[in-house]
Amino acid sequence: MSTVTTHRIHICTKCRERADTTNDPRGNETVSPGGRLISRLQKALDAKPCSKPFELSGVECMAGCNRPCTIAYQADGKAGYLFGDIDPDGSLDALVRFAHQYAELETGWCSATERPIALLNKTLARIPAFGVGGHPSKKPSTCCDGR
């Protein structure tokens, strides 16, 4: 009996761009950057599927309010990532490339320099897999990918 690892991408739907207002001049609710990103990322992943499928979902708040728009990658048994300052219009290619990379990582661990360059300074957190201690290497890892 084989187990299938579920890969997920969560995107904050409450985040607003720093200059954004919650209503347009006619009083209608605007679509959040996260709302735009979910739609665009889903289309991009449908056009260029990963080796392992991802479930995309919107999350009301991911507590990254000072660094909108926030997005998280996670999978069963893998370290997860939380990124912030994501531009829903300009970060799409990097997010798709990271999804492909993340799908292939056995433990989910990779250094900042191994991720797409557009995500280099956008990592808010790398979260160990549930029930797994730390980095799977034999030596203790240094903080902030050695910086």
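Just so it is clear, the model here is predicted, and its values are computed rather than measured.
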Handout entry: Derivation and outcome, side chain to side chain contact (heavy atoms under 4.5 Å, CB included), residues Tyr102 and Lys52
Key = CA-CA 9 Å; Tyr102 186 71; Lys52 297 172 179 88; over 6 Å; no
For [X], which residues count as a side chain to side chain donor-acceptor pair (under 3.5 Å) partner, sequence neighbours excluded?
X: Gln42; result: Asp46
X: Glu104; result: Ser51
X: Thr123; result: Arg115

Are any non-hydrogen side-chain atoms of [X] and [Y] less than 4.5 angstrom apart?
X: Ile11; Y: Ile86; value: no
X: Thr13; Y: Met62; value: no
X: Ile38; Y: Ile9; value: no

How long is the span from the [atom1] atom in [X] to the [atom2] atom in [Y], to the nearest 0.5 Å?
X: Tyr73; Y: Arg126; atom1: OH; atom2: CZ; result: 16.0 Å
X: Phe98; Y: Tyr81; atom1: CZ; atom2: OH; result: 5.5 Å
X: Ser91; Y: Leu119; atom1: OG; atom2: CG; result: 7.0 Å
X: Glu55; Y: Gln74; atom1: CD; atom2: CD; result: 10.0 Å
X: Leu56; Y: Arg8; atom1: CG; atom2: CZ; result: 12.0 Å

Nearest non-hydrogen partners of [X] and [Y], listed with the distance:
X: Cys69; Y: Leu37; result: SG-CD2, 4.2 Å
X: Gln101; Y: Cys110; result: NE2-SG, 3.9 Å
X: Ala94; Y: Pro116; result: O-CG, 3.5 Å
X: Cys12; Y: Cys61; result: SG-CA, 3.8 Å
X: Pro68; Y: Cys65; result: CD-O, 3.3 Å

Problem - Side-chain donor/acceptor of Lys122 to backbone N/O of Phe83, under 3.5 Å - result: no
Practice task
Flag yes if Leu105 and Leu95 sit in one hydrophobic cluster, no otherwise; membership is Ile, Leu, Val, Met, Phe, Trp, Tyr, and two members link when side-chain heavy atoms are under 4.5 Å apart.
Solution key: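 Yes, same cluster.
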Handout entry: Residues forming a side chain to side chain contact (heavy atoms under 4.5 Å, CB included) with Arg40, sequence neighbours excluded
Key = Arg36, Asp89, Leu92
Handout entry: Sequence-distant partners of Leu124, side chain to side chain contact (heavy atoms under 4.5 Å, CB included), two or more places apart
Key = Arg67, Thr70, Leu82
Problem - Partners meeting ring pair (Phe, Tyr, Trp, His ring centres under 6.0 Å) with Phe54 (sequence neighbours left out) - result: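 Ring pair (Phe, Tyr, Trp, His ring centres under 6.0 Å) check on Phe54 returns His7.
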